[in-house]
Every structure is written in structure tokens, then in C-alpha cells.
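Below: one structure, written as C-alpha cells.
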Amino acid sequence: MVNGTGDPALADEVVARLTAAGLTVGTVTTAEAGVSGIEHPEGESAGAQWLAEALGGAAVLRETAVLQVTVVLGATDSAPLVAAVDALPACAD
């Protein structure tokens, strides 16, 4: 995940919710991120597509030079994505 919000607690909340929903979250990096969304490397759109649809639709999906599917929290537009993550149901064990 890339956290461009400047708020580490927000990133921690998103990671906790994604994990509770049964997703594996790798590292969280802090970086400038202008636009929130779901990024994926070339050829790995299936998992990213599923996550994007679960979080509000394909409009947040984009192919970039990342190594894995990556949730990006932008500096000014992260609220809808965070709200969508908050609404993910937890997976039953």
C-alpha cells in the first residue's frame, strides 16, 4: 500500500480492514500520491479488478509499473476509497 495522506493512523486502519477481509497486505510505504486507486502490474489485472470492484468500481483501477497489486491512498481524494474499505465484509474463517 502507498499512503499519500500523511496520516499513518489512516493507513493502519485501512491495512487492518483489508486484513480482516481476508486480504494479505505487504508493506506500507509513505509517498506522494496524487490520485487514490488500485494499481497493478501488466498482466495481473484479475486480482486488481476484483479488489477495484469491491471498492467501488473499475474507475479506480490502473496499470502501472508496480510489482504487485497496490492500494494507493491519495493526498486529497482518499475518503471514498477509505469508506469503501471500511465497508468490506470480514471473511469468515
Side-chain angles (χ1 to χ4, degrees):
M1 181 167 59
V2 175
N3 181 13
T5 68
D7 183 356
L10 181 62
D12 291 344
E13 289 177 32
V14 170
V15 167
R17 192 64 180 142
L18 290 171
T19 302
L23 300 172
T24 301
V25 179
T27 59
V28 177
T29 59
T30 302
E32 289 189 29
V35 181
S36 295
I38 309 301
E39 297 181 345
H40 68 88
E42 182 179 356
E44 294 193 32
S45 63
Q49 180 72 37
W50 175 88
L51 183 57
E53 288 175 5
L55 297 177
V60 298
L61 184 64
R62 56 186 176 261
E63 184 177 296
T64 63
V66 294
L67 298 176
Q68 60 200 13
V69 175
T70 303
V71 175
V72 178
L73 301 177
T76 61
D77 68 344
S78 64
L81 188 59
V82 171
V85 169
D86 285 343
L88 284 174
C91 291
D93 291 62

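Just so it is clear, the structure is predicted and the values come from calculations on it, not from any experiment.
If you chain together hydrophobic residues whose side chains sit under 4.5 Å apart, Val72 and Leu55 never meet in one group.
Counting only heavy atoms from C-beta outward, the side chains of Val14 and Leu81 never approach each other to under 4.5 Å.
Shown here are the side-chain hydrogen bond (donor to acceptor under 3.5 Å, both in side chains) partners of Thr76, two or more places apart in sequence or in another chain: there are none. Shown here are the side-chain contact (heavy atoms from CB on, under 4.5 Å) partners of Glu63, two or more places apart in sequence or in another chain: His40, Glu42. By the side-chain contact (heavy atoms from CB on, under 4.5 Å) test, Pro41 is found to be paired with Glu44, Val66, residues two or more places apart in sequence or in another chain being considered. Under the rule for a side-chain contact (heavy atoms from CB on, under 4.5 Å), the partners of Thr29 that lie at least two apart in sequence or sit in another chain are Val2, Thr27. Evaluation of the side-chain hydrogen bond (donor to acceptor under 3.5 Å, both in side chains) rule for Ser36 yields Asp77 as partners, not counting sequence neighbours. For Val25, the side-chain contact (heavy atoms from CB on, under 4.5 Å) test picks out Val15, Leu18, Thr19, with sequence neighbours left out.
Interatomic distance, Glu39 CD to Leu51 CG, rounded to the nearest 0.5 Å: 12.0 Å.
Contact detail for Leu73 and Ala33: the closest heavy-atom pair is O-CB, 3.8 Å. Nearest heavy atom pair, residue Ser78 against residue Gly74, reads CB-O, 3.4 Å.
Val35 belongs to no multi-residue hydrophobic cluster, having no ILVMFWY side-chain contact under 4.5 Å with any other such residue.
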Check the pair Thr70 / Thr64 against side-chain contact (heavy atoms from CB on, under 4.5 Å), numbers first and verdict last. CA-CA 10 Å; Thr70 303; Thr64 63; over 6 Å; no
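Sorted by first then second residue, the side chain to side chain donor-acceptor pair (under 3.5 Å) pairs that include residues 3-13, not counting sequence neighbours, are Asn3-Thr5.
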